[in-house]
**Student:** 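Below: one structure in structure tokens.
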Amino acid sequence: MSLCAPEFFAELCLPFRNSTIVGNTYYAAPAPSSPLRLRIAFTGSIHADTYTGLRLAVVHADKGEMDSVVVSFLDHGTFHRRDEAQRTPANTKRYATFDRHHRPGHPPWEGAVTAGLRDAIERYTAVWFPGAWEANTPRRAAGPTTHKAPLPAAQNSSRAR
């Protein structure tokens, strides 16, 4: 079964325009003029087809992998809400992980909260690609619908102090 990698990486809302997904791995060129590339892949566990986080790596075009770090789902609260709702016991195969087996029509990582992962990716890329995150994030332009909302009218309080 598929990991639905394109949907997972889309949910992370990574801002890099020069990116692609090959299989279950995300590749990006955060600084297009640099020979360095970002690679993000799912990290497996000791259990077959079970994933515990993401492995971020900086790869040089000629020299290969320069650095890597594993960003775990557990450390970033990715499945905390899901596991609490399902009362998944800690220290079990299913806690803070996902696997290839899932309900039809739903991604295997259903219930993931990706904000912590995204923040970790942003911090990591800031070290290797300074300014790339801001350079790739589209700026919102003020449009014709931009207006200031009127302040609500002050209400008199009749409570005794």
Side-chain angles (χ1 to χ4, degrees), residues 1-140:
M1 298 189 122
S2 169
L3 290 181
C4 303
E7 292 86 355
F8 182 86
F9 291 116
E11 186 138 332
L12 284 173
C13 299
L14 300 175
F16 308 119
R17 291 185 208 110
N18 298 322
S19 65
T20 191
I21 296 169
V22 179
N24 293 323
T25 305
Y26 176 89
Y27 295 92
S33 60
S34 170
L36 299 178
R37 302 293 181 255
L38 174 66
R39 179 178 65 209
I40 304 173
F42 295 101
T43 57
S45 73
I46 62 171
H47 303 285
D49 299 327
T50 301
Y51 301 92
T52 60
L54 299 174
R55 183 174 187 272
L56 286 62
V58 174
V59 181
H60 188 279
D62 297 323
K63 299 176 185 173
E65 188 171 296
M66 304 293 289
D67 185 62
S68 69
V69 66
V70 172
V71 179
S72 77
F73 297 143
L74 177 63
D75 292 343
H76 294 87
T78 307
F79 294 108
H80 179 75
R81 193 173 0 177
R82 178 203 69 185
D83 292 342
E84 290 261 319
Q86 295 177 355
R87 294 191 171 122
T88 304
N91 300 322
T92 62
K93 173 186 172 184
R94 300 198 52 85
Y95 188 76
T97 66
F98 76 89
D99 57 31
R100 290 180 181 262
H101 310 288
H102 54 90
R103 297 183 312 170
H106 296 273
W109 39 268
E110 182 176 21
V113 176
T114 58
L117 292 175
R118 186 177 193 277
D119 291 344
I121 294 167
E122 183 175 4
R123 286 190 304 272
Y124 183 76
T125 56
V127 171
W128 287 95
F129 308 99
W133 197 273
E134 294 82 18
N136 285 294
T137 304
R139 297 180 191 265
R140 286 181 40 169

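When reading the values below, keep in mind they use all heavy atoms of this one structure, side chains included, and skip hydrogens, waters and symmetry mates.
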**Student:** Can you pull the salt bridge (charged side-chain N to carboxylate O under 4.0 Å, His left out) pairs that have at least one residue in residues 21-33, sequence neighbours excluded?
**Tutor:**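 Output for this query is empty, none listed.
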**Student:** Which side-chain N or O atoms in residues 68-79 pair as donor and acceptor under 3.5 Å with protein atoms at least two apart or in another chain?
**Tutor:**
from: S68; atom 1: OG; to: R55; atom 2: NH2; distance (Å): 3.1
from: S72; atom 1: OG; to: D75; atom 2: N; distance (Å): 3.0
from: S72; atom 1: OG; to: D75; atom 2: OD2; distance (Å): 3.1
from: H76; atom 1: ND1; to: S72; atom 2: O; distance (Å): 3.0

**Student:** Find out whether I40 and L14 are in side-chain contact, i.e. whether some heavy atom of one side chain is under 4.5 Å from a heavy atom of the other.
**Tutor:** yes
**Student:** Heavy atoms, side chains only, cut-off 4.5 Å: are V59 and Y27 in contact?
**Tutor:** no
**Student:** Can you sort out the partners of Y26 under ring-ring contact (aromatic ring centres under 6.0 Å, His included), two or more places apart, ordered by chain and number?
**Tutor:**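 Residues passing ring-ring contact (aromatic ring centres under 6.0 Å, His included) with Y26: F9.
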**Student:** Going by side chain to side chain contact (heavy atoms under 4.5 Å, CB included), name the residues that satisfy it together with H47, two or more places apart in sequence or in a different chain.
**Tutor:** S45, T50, K93
**Student:** What pairs with P130 under side chain to side chain contact (heavy atoms under 4.5 Å, CB included), at least two apart in sequence or on another chain?
**Tutor:** none
**Student:** Please examine the side chains of T43 and Y51, heavy atoms only from C-beta on, and report whether any two atoms are closer than 4.5 Å.
**Tutor:**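 With C-beta onward as the side chain, the pair stays apart.
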**Student:** Going by the rule side chain to side chain contact (heavy atoms under 4.5 Å, CB included), which residues pair with V127 if we only count those two or more places apart in sequence or in a different chain?
**Tutor:** none
**Student:** So, taking the atom named CH2 in W128 and the one named CG in L38, what distance separates them when rounded to the nearest 0.5 Å?
**Tutor:** 11.5 Å
**Student:** Would you mind listing every salt bridge (charged side-chain N to carboxylate O under 4.0 Å, His left out) that reaches into residues 19-30, with sequence neighbours excluded?
**Tutor:**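 As it turns out, there is no salt bridge (charged side-chain N to carboxylate O under 4.0 Å, His left out) pair with a partner in residues 19-30 once direct neighbours are skipped.
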**Student:** List the atom of I21, the atom of P6, and the distance in Å for their closest heavy-atom pair.
**Tutor:** CD1-CA, 3.4 Å
**Student:** Which heavy-atom pair separates P30 from P32 by the least distance, and what is that distance?
**Tutor:**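 Scanning both residues completely, I find the closest heavy atoms to be O-CD, 3.6 Å.
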**Student:** State, to 0.1 Å, how close C13 and R118 come at their nearest heavy-atom pair, and which atoms those are.
**Tutor:**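 Smallest heavy-atom distance, with atoms named: O-NH2, 2.9 Å.
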**Student:** Sequence neighbours left out, what pairs pass salt bridge (charged side-chain N to carboxylate O under 4.0 Å, His left out) with at least one residue falling in residues 24-35?
**Tutor:**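 Checked against salt bridge (charged side-chain N to carboxylate O under 4.0 Å, His left out) - neighbours excluded - no pair reaches residues 24-35.
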**Student:** So, using side chain to side chain contact (heavy atoms under 4.5 Å, CB included) as the criterion, who are the partners of A41 when residues are at least two apart?
**Tutor:**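 A41 satisfies side chain to side chain contact (heavy atoms under 4.5 Å, CB included) with T25 only.
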**Student:** Which salt bridge (charged side-chain N to carboxylate O under 4.0 Å, His left out) pairs, counting each pair once, include a residue from residues 23-34, with sequence neighbours left out?
**Tutor:** none
**Student:** So, taking the atom named CG in N24 and the one named CZ in F8, what distance separates them when rounded to the nearest 0.5 Å?
**Tutor:** 11.0 Å
**Student:** Measuring from R37:CZ to M66:CE, what's the distance to the nearest 0.5 Å?
**Tutor:** 13.0 Å
**Student:** What residues, two or more places apart in sequence or in another chain, satisfy salt bridge (charged side-chain N to carboxylate O under 4.0 Å, His left out) together with R39?
**Tutor:**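 With neighbours one apart ignored, the set is E65.
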